[in-house]
Asker: 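Got a structure for you, questions after.
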Amino acid sequence: MAYPFFDIETKWQKYWDDHETFKTDDSSPGPKAFILDMYPYPSGAGLHVGHPEGYTATDILSRYRRMKGYNVLHPIGWDAFGLPAERYAMQTNIHPRITTEQNISTFRRQIKMLGLSYDWSREINTTDPKYYKWTQWIFLQIYHSWFDPRSKKGRPIQTLIEELERQGTKGLISEEKFSAEEWKRKSKKEKHDFLANFRLAYIAEIPVNWCEALGTVLANEEVAEWTEKGYTVERRPMRQWMMRITAYAERLLEDTKELDWPASTLEQQRNWIGRSEGASIKFKVSSGAESHGARGAHSKLEVEVFTTRPDTIFGATYMVLAPEHPLASEITAAEKKKEVEEYVKQASMKSDLERGIEKEKTGVFTGGFVINPATNKEIPVWIADYVVMGYGTGAIMAVPGHDERDFAFAKEFQIPVVEVVSPKGSSTGGNVAHEAFTGDGALVNSANSDVSLNGLNAEEAKRKITQWLEKEKIGSGTVQYKLRDWLFSRQRYWGEPIPIIHLEDGTMKALSENELPLLLPDLKKFQPSGTTESPLALAAEWVNVVDQTSGMKGRRETNTMPQWAGSCWYYLRYLDPRNGNAFCSPELEKKWMPVDLYVGGAEHAVLHLLYARFWHKVLFDLGYVSTKEPFIKLRHQGIILGEDSRKMSKSRGNVVNPDEVVREYGADAMRLFEMFMGPLEEMKPWSTRGVEGVFRFLNRVWRLYVTEEGALDSAVKEMPVSPELELIFHTTVKKAGEDIECLHFNTAISQMMILVNELTKSDVRPRQILEPLVLLVAPFAPHLAEELWSKLGHKESLAHEPWPVYDESKLQKKTVEVVVQVNGKLRAKMTVALDTPEETLKKLALAESNVQAHLDGKQVVKEIIVKNRLVNFVVK
RNA sequence: GCCAAAGUGGCGGAAUUGGUAGACGCGCUGGACUCAAAAUCCAGUCUGGCUUACCCCAGGUGAGGGUUCGAGUCCCUCCUUUGGUACCA
């Protein structure tokens with residue numbers, strides 16, 4: 001008969017709840033361990049088997065750390081704003097708050113059913129006004145800050161205002177220049193607009209990814225996710241809130257060095273930030289197409305390009321502007337106007353995605369020319385959509401000889417190709433006629449009266465030409481990032497309102513702290529507003545306000561924050577979840593941060609994890625948190641596939657429901673199986689047989705202690721322990737502990753199975769082994785372990801019992817097996833006393849009959865003897 | 001295309017610094033218990049050969065080379081799978 005897992009699990013879950021067994025006391029002794037799960041989005045479908053995988057892993061570590069004397073913080077909460085609840089509301093008109101609450105109850109029930117040892121008193125919910133008050137508060141901190149490039153830090157905007165009042169724009173990088181006096185003479189609106197160029201949160205008119213079906217814009221990072229689901233996304237210029245994450249690009253990149261994260265995730269973050277070194281170079285525009293060939297007739301107009309290959313500048317035979325480039329129309333010759341405008345219009349209707357799909361290069365000649373500053377020759381300016389406005393300067397110098405894209409374009413439009421890098425070892429590099437050469441080599445054809453790069457390799461040439469450009473004041477070495485500013489507003493109802501009022505004089509006013517939280521108004525309908533505004537625009541009473549101080553009329557911001565906002569800082573709220581005066585007290589922040597282990601899905605490798613790092617760095621600069629990184633150690637759980645080794649999906653009918661598994665085999669079996677399947681990070685298929693396997697193991701454990709009648713078995717008693725059993729036991733204690741520390745749960749479990757198999761063989765079972773065995777099992781199968789612990793006569797939960805200690809001396813075997821090889825092939829095994837000297841090993845090895853057979857008639861030329869391990873004879 | 005990770009029995013997966021490949025589990029085969037079944041327990045299970053024999057021989061960790069007394073592990077080339085990314089100049 002199977003052990004009564006249902007009764008046991010309900011009993012102990014109630015016990016833990018009633019006794020608040022896992023409530024964290026901030027003042028408890030012991031080193032701190034902040035063990036964090038990525039909190040779930042409570043969807044209507046309930047938990048799937050992927051959730052318990054990561055959650056069980058952190059639960060095992062948490063329970064283990066408690067037994068090792070750590071003060072453990074292990075919280076959970078709900079990432080409950082988001083589009084699915086709102087879409088459901090659009091269809092049913094049921095308020096998202098209601099569906100969200102229902103979904104949370106389901107998730108909470110399911111998570112409790114798994115026996116996860118969360119401190120439920122710290123449960124958080126991003127849609128709770130008491131929570132999102134602080135999301136809004138952090139938004140305002142960001143809004144009220146600017147990035148000072150001199151100290152590379154975010155600082156309060158007030159420090160910028162003071163500096164402007166003191167010395168104008170003297171020490172700043174700013175297009176607009178003015179003195180302190182001029183600043184003071186500026187109107188409120190002028191000052192407001194100027195400061196907006198510096199704030200870390202700002203509004204900009206940018207081409208965004210608008211999804212008509214969803215009625216909202218999407219961040220660049222989100223587009224792929226929704227287009228995969230079949231939604232269409234178009235580009236459209238709109239006024240949107242942005243976060244100046246690009247200001248932090250360098251630090252976000254630099255600090256990845258300090259993170260103990262999966263290599264692939266770090267790589268993805270680095271690629272996303274996309275740092276590249278190169279030079280920006282100014283090209284003077286020739287004064288009109290008529291002057292073609294007439295040197296010196298330069299206009300004042302300049303086009304700046306960014307290139308990572310300034311060394312190839314002598315091979316730049318044309319220039320390309322992005323269709324959106326601001327100088328495109330100015331450069332275009334009168335007779336080409338119509339053609340260019342037509343092309344730009346076509347390009348603007350295509351999304352980035354469509355542009356990418358098209359392999360063929362398209363473009364149009366503007367009729368205008370610029371002067372290549374290295375060769376001093378005129379080169380034609382083209383407009384082509386293979387150059388995008390969002391990166392670099394939106395303009396390139398095209399070097400068809402040494403760039404594949406430029407080469408393809410030049411071939412298409414019969415533009416000359418000039419070789420300036422010759423592959424090493426080949427004197428005639430004529431191959432640039434057929435394909436671009438992008439490798440390193442020796443520079444050729446690269447000299448003017450002032451500077452020569454000929455003969456240099458790429459790196460030397462880059463350095464030399466950059467120096468020359470800087471000397472001539474036509475360019476400089478620069479660093480570019482692929483990272484763009486973060487599109488922060490969404491045209492949605494179910495998100496945090498942005499606490500900003502747009503006043504009738506065109507300025508914005510941020511709410512003050514005591515006006516927070518700015519509550520979401522109740523709506524009767526949740527359909528999109530029909531315009532590009534969010535449904536909030538329809539809540540007239542909420543939207544239209546009068547500013548108390550100035551008496552001006554105003555309109556509240558109707559956009560809401562993206563779902564990422566709440567998750568950018570939730571880990572901090574766990575530290576002090578009921579604090580009404582601060583998002584978190586500084587003392588508690590110092591006590592618990594940083595997060596010691598963070599476990600969650602790899603799908604958040606760039607989005608959540610990058611945004612959270614960004615907010616954390618801003619909070620760090622402003623002095624609200626004490627660590628520059630939030631998550632020191634990160635691990636991902638692998639995806640669990642269906643039993644057929646394919647991705648789980650309703651349409652394939654291979655979805656495993658945790659409720660059913662728990663009903664059939666119990667939560668302990670479910671937990672144990674998910675950990676036994678294989679390494680945490682790997683993708684692996686579900687197996688019902690496998691669950692049965694670990695279920696059998698749990699039953700074997702049960703029967704070691706308990707009779708058919710449910711009483712403690714009389715076979716369990718104090719008795720001498722055989723050295724063999726002792727060895728296995730101490731090995732198990734050691735291995736289980738070490739494996740839990742490095743999250744190798746599958747091997748920890750197999751070792752426990754070995755011990756249990758050994759104990760099963762015998763009719764009498766030493767209590768000195770069985771007691772600690774319960775403690776070893778406890779992190780994995782806590783319900784079963786608690787029940788056995790109480791059957792052994794203990795009155796209290798084992799949650800804080802000390803973890804068993806192994807005895808190093810008991811790990812020493814008295815005898816070891818030594819293998820004998822001849823020419824590296826196994827020929828015999830000998831069991832000998834530990835540390836048998838090498839000479840003796842050799843004698844014993846030579847005495848083995850099979851070894852003799854293989855040595856017969858051969859000459860031993862070498863002997864390799866490794867104590868306690870092997871003897872190898874090399875023969876001829 | 002580029003970047004990253006990974007390829008081990010019928011299956012999931014183990015294997016310190018290079019030192020007995022296949023731990024543990026599943027499945028399968030045989031046996032015990034049973035009227036029978038389930039459950040449980042015991043034994044076997046990389047492939048091929050030889051054999052009375054769990055004795056021995058040969059091969060074997062995606063493929064091919066290399067280093068070494070010895071390679072799943074280190075190096076080179078290639079193939080495959082998964083994840084990311086894609087005109088980012």
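Just so we're on the same page: letters track the sequence lines, and every chain starts at 1. Since we're looking at a predicted model, the values are computed, not measured. What you see below is based on every heavy atom in this structure, not just the backbone, and it leaves out hydrogens, waters and symmetry mates.
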Asker: Expressed in whole Å, how much space separates the P atoms belonging to U51(B) and U68(B)?
Answerer: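 So the two P atoms sit 40 Å from each other.
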Asker: How far does the C1' atom of C76(B) sit from the matching atom of C69(B), given to the nearest Å?
Answerer: 23 Å
Asker: Among Arg827(A), Gln821(A), Lys862(A), which one satisfies side chain to side chain contact (heavy atoms under 4.5 Å, CB included) with Asn872(A)?
Answerer: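 Per the side chain to side chain contact (heavy atoms under 4.5 Å, CB included) rule, the option paired with Asn872(A) is Gln821(A), out of Arg827(A), Gln821(A), Lys862(A).
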Asker: Please measure how far the C1' atom in U67(B) lies from the corresponding atom in G18(B), and state the result in whole Å.
Answerer: 11 Å
Asker: Please find the pair of heavy atoms, one from Ile313(A) and one from Ala374(A), that lie closest to each other, and give the distance.
Answerer: CG2-CB, 3.7 Å
Asker: I'd like the P distance from C74(B) over to A6(B), given in whole Å.
Answerer: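 One P to the other, the span is 10 Å.
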Asker: In residues 830-838 of chain A, what residues come within less than 4.0 Å of RNA chain B, judged by heavy atoms?
Answerer: none
Asker: Check every strand shown and say whether Arg270(A) touches a base, only sugar-phosphate, or nothing at a heavy-atom separation below 4.0 Å.
Answerer: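 The answer is nothing, as Arg270(A) stays clear of every strand by at least 4.0 Å.
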Asker: What does the B/S/- profile of nucleotides 2-20 of chain B look like, 5' to 3', with a 4.0 Å heavy-atom cutoff to protein?
Answerer: -SS-------BSS-BB-BB
Asker: Phe413(A) vs Trp382(A) aromatic rings, parallel, tilted or perpendicular, using cut-offs 30° and 60°?
Answerer: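 Phe413(A) and Trp382(A): tilted rings.
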Asker: Give the dot-bracket string for RNA chain B, reading 5' to 3', where a pair is Watson-Crick or G-U wobble with both distances under 3.5 Å, ( ) marks pairs inside the strand, [ ] marks pairs crossing earlier ones, | marks a partner on another strand, and . marks unpaired.
Answerer: (((((((..(((......[....)))((((((.......))))))((((......))))..(((((..]....))))))))))))....
Asker: Counting C-beta onward and ignoring hydrogens, is there a side-chain heavy-atom pair between Thr56(A) and Phe745(A) closer than 4.5 Å?
Answerer: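 Not in contact.
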Asker: If you take all heavy atoms of Leu680(A) and Ala57(A), which pair is closest and at what distance?
Answerer: CD1-CB, 3.8 Å
Asker: With syn defined as a glycosidic torsion within 90 degrees of 0 and anti otherwise, which applies to G9(B)?
Answerer: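 Because its glycosidic torsion lies within 90° of 0, G9(B) adopts the syn conformation.
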Asker: Roughly how far apart, to the nearest Å, are G62(B) and C57(B) at atom P?
Answerer: 25 Å
